[in-house]
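For this chain, numbers begin at 1 and follow the sequence in order. Quick note: numbers below take in every heavy atom, side chains included, and nothing from hydrogens, waters or symmetry partners. Given the structure is predicted, the values throughout are model-derived calculations rather than measurements.
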Amino acid sequence: MPAGAGLAATSDVERIEAPVTWKAYLLCAFASFGGILFGYDSGYINGVTGSAVFIEIIEGPGKTALTGPHNSLIVSILSAGTFFGAIIAGDVSDILGRKWTIITGCGIYLIGVILQTASQSLGLLVAGRLIAGVGVGFESAIVILYMSEICPRKVRGALVAGYQFCVTLGLLVASCVDYAVKNRTDSGSYRIPIGIQFAWGLILGGGLMFLPDSPRFFVKRGRVEQARQALCNLRGQPADSEYVEAELAEIIANEEYERSIMPAGGWVNGWANCFKGSLFKSNSNLRKTILGTSLQMMQQWTGVNFIFYYSTPFLASTGAITNTFLISLIFTLVNVCSTPIAFYTVEKLGRRPLLVWGALGMLICQFLVAIIGDTVGFNHTHLNAAGASIADNISAVNAQIAFIAIFIFFFASTWGPGAWIVIGEIFPLPIRSRGVALSTASNWLWNTIIAVITPYMVNPDQANLKSNVFFIWGGLCTIAFIYAYFLIPETKGLSLEQVDKMMEETTPRTSAGWKPHTTYASDMGMKENGKLDANIEDVERKGSIF
């Protein structure tokens, strides 16, 4: 486009995006496949650590259980790698682009899978999980960023929720594989679950080769014509479409506005921008960074990963469950079947109600599990004739399991997808990649902390909290309930640019009533002939590495 020719902008807030097409659905739905890596990698380890062959390889002949430190290290090291991968990925995605960063992450992930599959000792296994974790960090941070930037606003929440659905599918497939190999007496009992990961990395990385990159990335880099072509592909519109023109004008106008109040500068200044502004101003970068990182922290505080990481040995210790693998599989099925509910409710009810009421449902279930266990359930046991510990009241333990399943239902239909949706929407373009990366890193940091400390909380030779551990999760869910009510804004039905304006003009508790009234294009100088008053060559010159 020649300099000064401008773009066909609009002041109509309802015409800044093309109607949703099946092509848009399918493109975004494929991107959500990245959740499979996250879910499977998180889920398969639960069965592997219960494998008799694996235990003997790690602990030595005759051993029947991993020690607390070894169990903690094996489970948590992936999350540690993912934390660093997520932090690094924010910068990489601003240089390579969103899709190529995800593809790079898939390559790193595959290297880690190869090392794990080949491992015959603790050292190589841990190294492989650490490297795979870095790859998962790239994927988990940037898939959310990529999907948020390419999805149509009217279905963005539902499509990003598809990522969490794929996480649950990954957990389900992992449980099925673990269940299928649990009776094997050779190395296949742990190598098969590990090796299957290879397929997920190939499918995601190979498929993304054929998808367009984010138009917002191209605008940030000053590559306007590539942004236009990406929008054409994503929206299923011709290059001269008024919808493509209007959406591109809106993205550029927002970028120009954000640059005017937030100069990019160098690498250090780029990171510093994430922490600028007042803590008491809802639209400040600092407030958004704290919101994103604390939201992901709260998601981990719910205790859901205690169920998926440690449910097999925990349920076995009750003495009331004969087939712990089957119960773990049922928990995973509840997780999978509940998540699609959010596809509808996140767009019908909104993000804020889901997180508020979801936290309330979770805290009730957690406290019921804890109270039943402490009074008549799992905490009260006796020794049978064989010297094994058996719960006094099997029915009470079954009730605890039922409430754990209901807790999973509340998590999967609310906080599971909701936290990922919100962090992809709240950051302005200049800091979006780093903001999402920091938020995802927070998820994995707390994932790591919980994975490290949980064995010490429940192991019989350590704290041995038994059901009392659910008092801790219930208390943390109570904090999440209060947090969601006072701090989570409503972002339903808004473009990413409109979210920024909404947070500037409202508080979280009044955000649901906000409606867009102007476009950024009109605010930045829409001429009478409908052209955005912007010099495209000037925009291109302003594209910077960071």
Side-chain angles (χ1 to χ4, degrees), residues 34-35 37-45 69 71-94 98 101-102 104-113 115-116 125-146 163-164 167 170-171 197 201 267 270-271 274-275 289-306 308-310 415-416 419-420 422-424 427 431-455 476:
L37 278 73
F38 184 166
Y40 187 91
D41 229 32
S42 299
Y44 86 87
I45 200 65
N71 196 10
S72 173
L73 174 64
I74 291 168
V75 173
S76 64
I77 195 65
L78 178 125
S79 301
T82 308
F83 169 81
F84 291 106
I87 291 287
I88 296 167
D91 280 340
V92 175
S93 71
D94 277 348
R98 303 346 184 187
T101 300
I102 300 170
T104 301
C106 289
I108 297 171
Y109 174 78
L110 293 177
I111 293 171
V113 171
L115 293 177
Q116 290 176 75
L125 178 80
V126 169
R129 277 183 65 78
L130 179 65
I131 293 170
V134 174
V136 174
F138 271 54
E139 175 273 326
S140 60
I142 308 307
V143 163
I144 293 298
L145 173 64
Y146 178 63
Y163 175 83
Q164 179 64 21
V167 172
L171 287 165
Q197 298 173 96
W267 181 82
W271 276 105
C274 294
F275 304 97
T289 299
I290 292 175
L291 177 62
T293 53
S294 60
L295 182 61
Q296 290 292 341
M297 175 183 73
M298 294 287 175
Q299 191 202 57
Q300 291 300 306
W301 278 8
T302 61
V304 70
N305 280 332
F306 167 73
F308 293 119
Y309 286 170
Y310 297 110
W415 275 77
W420 293 109
V422 172
I423 68 164
F427 295 101
I431 67 164
R432 186 172 297 140
S433 60
R434 290 185 172 102
V436 174
L438 285 169
S439 301
T440 306
S442 173
N443 179 291
W444 287 106
L445 173 64
W446 286 100
N447 189 308
T448 304
I449 292 171
I450 289 171
V452 168
I453 67 175
T454 297
L476 293 172

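Inter-residue side-chain proximity for R434 and W271 is flagged as met; some heavy-atom pair is nearer than 4.5 Å. Counting only heavy atoms from C-beta outward, the side chains of F38 and V143 never approach each other to under 4.5 Å. Between T104 and V92 the shortest side-chain heavy-atom distance does not fall below 4.5 Å. Counting only heavy atoms from C-beta outward, the side chains of N443 and M297 never approach each other to under 4.5 Å.
Here OG of S442 is found 11.5 Å from CD1 of I290. Values are rounded to the nearest 0.5 Å. Between W415 atom CH2 and L295 atom CG the span is 5.0 Å, to the nearest 0.5 Å. One distance of note links CD1 of I102 with CG of L145; it measures 8.0 Å at 0.5 Å rounding. Interatomic distance, S79 OG to L130 CG, rounded to the nearest 0.5 Å: 11.0 Å. Atom CD of Q300 and atom CG of N447 lie 4.5 Å apart (nearest 0.5 Å). Here CD1 of I131 is found 12.0 Å from CG of L110. Values are rounded to the nearest 0.5 Å.
Residues forming a side-chain contact (heavy atoms from CB on, under 4.5 Å) with V134 (at least two apart in sequence, or on another chain): I108, F138. When the salt bridge (Lys or Arg N to Asp or Glu O under 4.0 Å) test is applied to R432, the partners found at least two apart in sequence or on another chain are E149. S140 is linked by a side chain to side chain donor-acceptor pair (under 3.5 Å) to W444, counting only residues two or more places apart in sequence or in another chain. When the side chain to side chain donor-acceptor pair (under 3.5 Å) test is applied to S433, the partners found at least two apart in sequence or on another chain are D94. Among residues two or more places apart in sequence or in another chain, the side-chain contact (heavy atoms from CB on, under 4.5 Å) test is passed with A86 by A141, T440, A441. With sequence neighbours excluded, no residue satisfies side chain to side chain donor-acceptor pair (under 3.5 Å) with Y146. In terms of the ring-ring contact (aromatic ring centres under 6.0 Å, His included) criterion, Y109 has no residue partners (sequence neighbours excluded). Applying the ring-ring contact (aromatic ring centres under 6.0 Å, His included) test to Y44 and every residue at least two apart in sequence or in another chain returns Y40. Applying the side-chain contact (heavy atoms from CB on, under 4.5 Å) criterion to F275, with sequence neighbours excluded, gives L286, T289, L438.
Looking at every heavy atom in both residues, I450 comes nearest to T454 through O-OG1, 2.5 Å. When all heavy atoms of G435 and C274 are compared, the closest pair comes out as N-SG, 4.5 Å. Residue I423 comes nearest to F427 through the heavy atom pair O-CD1, 3.3 Å, listed as atom of the first residue, atom of the second, then distance.
R129 contributes a side-chain N or O that, together with a main-chain N or O of V75, makes up a donor-acceptor pair within less than 3.5 Å. Of the possible donor and acceptor atoms, none in the side chain of R98 sits under 3.5 Å from a partner among the backbone N and O of I142. When atom types are taken as modelled, the side chain of Q299 and the backbone of G416 share a donor-acceptor pair closer than 3.5 angstrom.
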